[in-house]
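Worksheet: one structure, shown below.
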Amino acid sequence: MKHISTTLIFVTYVITGTEAFSQNLLIKDYKVPVSSAHSFLIDLNYNYASDGKETTSNHGRIGTVYNTFYESLTYGYSFDLIWSASRERRANDYNADMDWRLRRYVWPHRNFFASVNPHSAYLKGYDRPTLDVTIGFGFGRFINATALAKAVRIEDFLLFSDQLHDDLPAETMVSLGQIIEKRDEYRTRYREAFKRYWYDDMAGIIKHSNMLKGEEIDAVGILRMDEVLFRENISDRFYGWDITLGAKLELLTSESSEKRVAPAADITARYSLPINWRAQFNERFTANSQVGGNFLKTYNIISASDFSYEVTNRIDFVMRHLVNVEKRSKDDDTQISNSLKLLFVFFVENQINLTTSIELKKYEKSKLEQNYLMTLNYRVF
């Protein structure tokens with residue numbers, strides 16, 4: 001009977017996705033000397049329709065999104081890749097966008113850094129990929145607190161299943177997050193048996209807090225830990241900010257006959273805030289203008305915002321807003337484009353997600369565009 005009741009607790013918890021709490025802890029309490037994150041998604045959609053013998057729709061698309069992030073006391077880097085290919089009835093299309101961000105902390109404990117930011121993009125139909133690089137100096141730092149969010153979700157279940165006397169102390173939660181972050185170290189050291197030692201160390205940290213009611217975490221608690229650490233999709237939780245001042249240089253244009261534009265002064269500001277244990281807000285603002293006689297007469301301004309909220313342990317809501325303001329030459333009019341995207345991500349199983357999205361786009365002097373899309377994607381890691 002006890003095994004049946006604990007199983008029901010586990011099933012009820014996963015389905016309802018009760019809100020995660022940690023009364024003794026703030027996300028900014030999580031401090032680590034090395035912070036990293038990486039993800040790789042593949043999505044696919046296909047539509048075919050016919051009217052009698054006539055094909056009215058034959059469209060398919062495959063896309064990949066790869067992100068990696070690393071931050072230490074002395075240096076950091078990130079790499080973002082977006083690639084997609086699509087097939088229409090009479091034509092194929094593909095594009096790619098790659099963005100690197102490399103930084104070296106000149107004064108590590110004061111978060112002052114020098115940075116190099118190469119960027120390349122390619123669209124079908126052009127001669128070659130574009131390439132530009134931004135070199136500058138900045139201040140700030142980001143920390144990935146996703147491991148701590150996983151620790152909170154584990155603690156939440158232990159409280160829900162009445163295995164803890166009270167919330168775990170803040171220092172216990174931070175230590176638990178740091179052990180979760182060391183998964184690759186355990187895997188390298190213990191190989192196939194790494195889970196045993198990894199889970200034992202996590203259980204030992206919880207037991208040492210004197211908040212555990214029993215002698216050990218029960219089997220359902222261990223099952224829940226495995227669910228959180230390997231099968232649930234928990235969005236990255238970053239906190240921090242940075243601001244960079246630099247010079248942007250165009251090295252390759254999309255057409256070989258096209259002249260490169262003059263160097264531009266560039267300012268980039270980024271900000272990330274986990275609003276609570278289930279919600280995250282990110283903002284990136286970039287503005288640049290050509291130096292010389294066209295300074296402030298030509299410019300490009302981009303504001304990208306996104307908000308994500310874990311509705312349950314199996315459903316995420318995401319909202320993304322992009323504004324682009326551009327004036328290519330002093331004789332051109334300012335062009336403004338707006339894009340708002342709303343997504344619901346449903347965690348299915350075995351790292352497969354079902355995503356439904358609605359996108360609204362508005363370009364200068366054009367009608368409002370509306371797109372609805374349903375996509376299956378596979379989370380490689």
Side-chain angles (χ1 to χ4, degrees), residues 22 24-40 66-80 99-117 136-155 168-191 194-195 197-206 208-209 225 228-230 234-244 268-277 280-282 284 381:
S22 188
N24 301 322
L25 186 68
L26 296 175
I27 293 177
K28 293 183 179 180
D29 291 335
Y30 190 64
K31 308 288 185 181
V32 287
V34 176
S35 185
S36 63
H38 56 273
S39 63
F40 183 28
Y66 175 79
N67 308 102
T68 186
F69 162 87
Y70 178 88
E71 192 84 39
S72 69
L73 293 177
T74 55
Y75 72 94
Y77 64 83
S78 66
F79 175 66
D80 303 309
D99 188 64
W100 296 264
R101 185 174 293 272
L102 313 170
R103 61 173 61 182
R104 178 75 180 185
Y105 286 95
V106 182
W107 294 316
H109 297 290
R110 296 187 178 181
N111 297 337
F112 182 77
F113 59 83
S115 69
V116 178
N117 179 204
F137 292 91
F139 180 84
R141 185 185 290 272
F142 287 89
I143 290 181
N144 178 19
T146 309
L148 187 62
K150 294 179 180 180
V152 169
R153 192 171 283 192
I154 291 170
E155 179 206 34
L168 294 173
E171 58 271 19
T172 299
M173 294 298 294
V174 171
S175 297
L176 182 58
Q178 290 171 343
I179 291 177
I180 290 173
E181 190 125 31
K182 294 179 179 178
R183 182 184 69 177
D184 291 340
E185 294 182 24
Y186 279 84
R187 192 193 297 271
T188 301
R189 183 175 180 181
Y190 298 109
R191 300 181 183 275
F194 84 97
K195 278 190 181 182
Y197 296 96
W198 194 33
Y199 288 7
D200 281 350
D201 286 351
M202 283 186 272
I205 288 291
I206 295 172
H208 184 71
S209 70
M225 289 170 62
V228 169
L229 299 173
F230 288 97
I234 299 178
S235 301
D236 287 334
R237 294 285 180 266
F238 287 95
Y239 74 86
W241 62 274
D242 66 19
I243 184 167
T244 307
T268 298
R270 302 185 301 164
Y271 177 71
S272 290
L273 174 67
I275 300 170
N276 56 41
W277 294 109
Q280 172 82 32
F281 174 76
N282 301 299
R284 177 173 178 173
F381 50 78

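Predicted model only: the values in this text are computed from it and were never measured.
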| message | Given I143, which partner from the list L148, V32, V34 fulfils the side-chain contact (heavy atoms from CB on, under 4.5 Å) test? | response | V32
Side chain to side chain, [X] and [Y], heavy atoms closer than 4.5 Å:
| X | Y | value |
| --- | --- | --- |
| E185 | F194 | no |
| Q280 | D236 | no |
| T68 | F40 | no |

| request: Look at the aromatic rings of F112 and F137 and report parallel, tilted or perpendicular, splitting at 30° and 60°. | output: parallel
Any side-chain to backbone donor/acceptor pair from [X] onto [Y]? Under 3.5 Å, distance only.
| X | Y | result |
| --- | --- | --- |
| W198 | K182 | no |
| T146 | R237 | yes |
| T172 | L168 | no |

| field | Test side chain to side chain donor-acceptor pair (under 3.5 Å) applied to N282 and S272, step by step | value | CA-CA 4 Å; N282 301 299; S272 290; 2.7 Å; yes
| query | Is there a side chain to side chain contact (heavy atoms under 4.5 Å, CB included) between R153 and I234 once you walk through the steps? | reply | CA-CA 10 Å; R153 192 171 283 192; I234 299 178; 3.5 Å; yes
| task | Taking only Lys NZ, Arg NE, NH1 and NH2, and the carboxylate oxygens of Asp or Glu, determine whether D80 and R101 approach each other closer than 4.0 Å. | result | no
| Do the numbers put K195 on top of the ring of F230, so that NZ or CZ is under 6.0 Å from the six-membered ring centre and no more than 45° off the axis? | yes
| said: Within 45 degrees of the ring normal and closer than 6.0 Å to the centroid, is that where the cationic atom of R141 sits relative to Y105? | reply: yes
| Residues D201, Y186; criterion side chain to side chain donor-acceptor pair (under 3.5 Å); working and verdict | CA-CA 10 Å; D201 286 351; Y186 279 84; 2.4 Å; yes
Would you say the ring centroid of [X] lies under 6.0 angstrom from that of [Y]?
| X | Y | answer |
| --- | --- | --- |
| Y197 | Y190 | yes |
| F69 | F238 | yes |
| F139 | W107 | no |

| message | Distance check, rounded to the nearest 0.5 Å: W277 atom CH2 versus E155 atom CD? | response | 9.0 Å
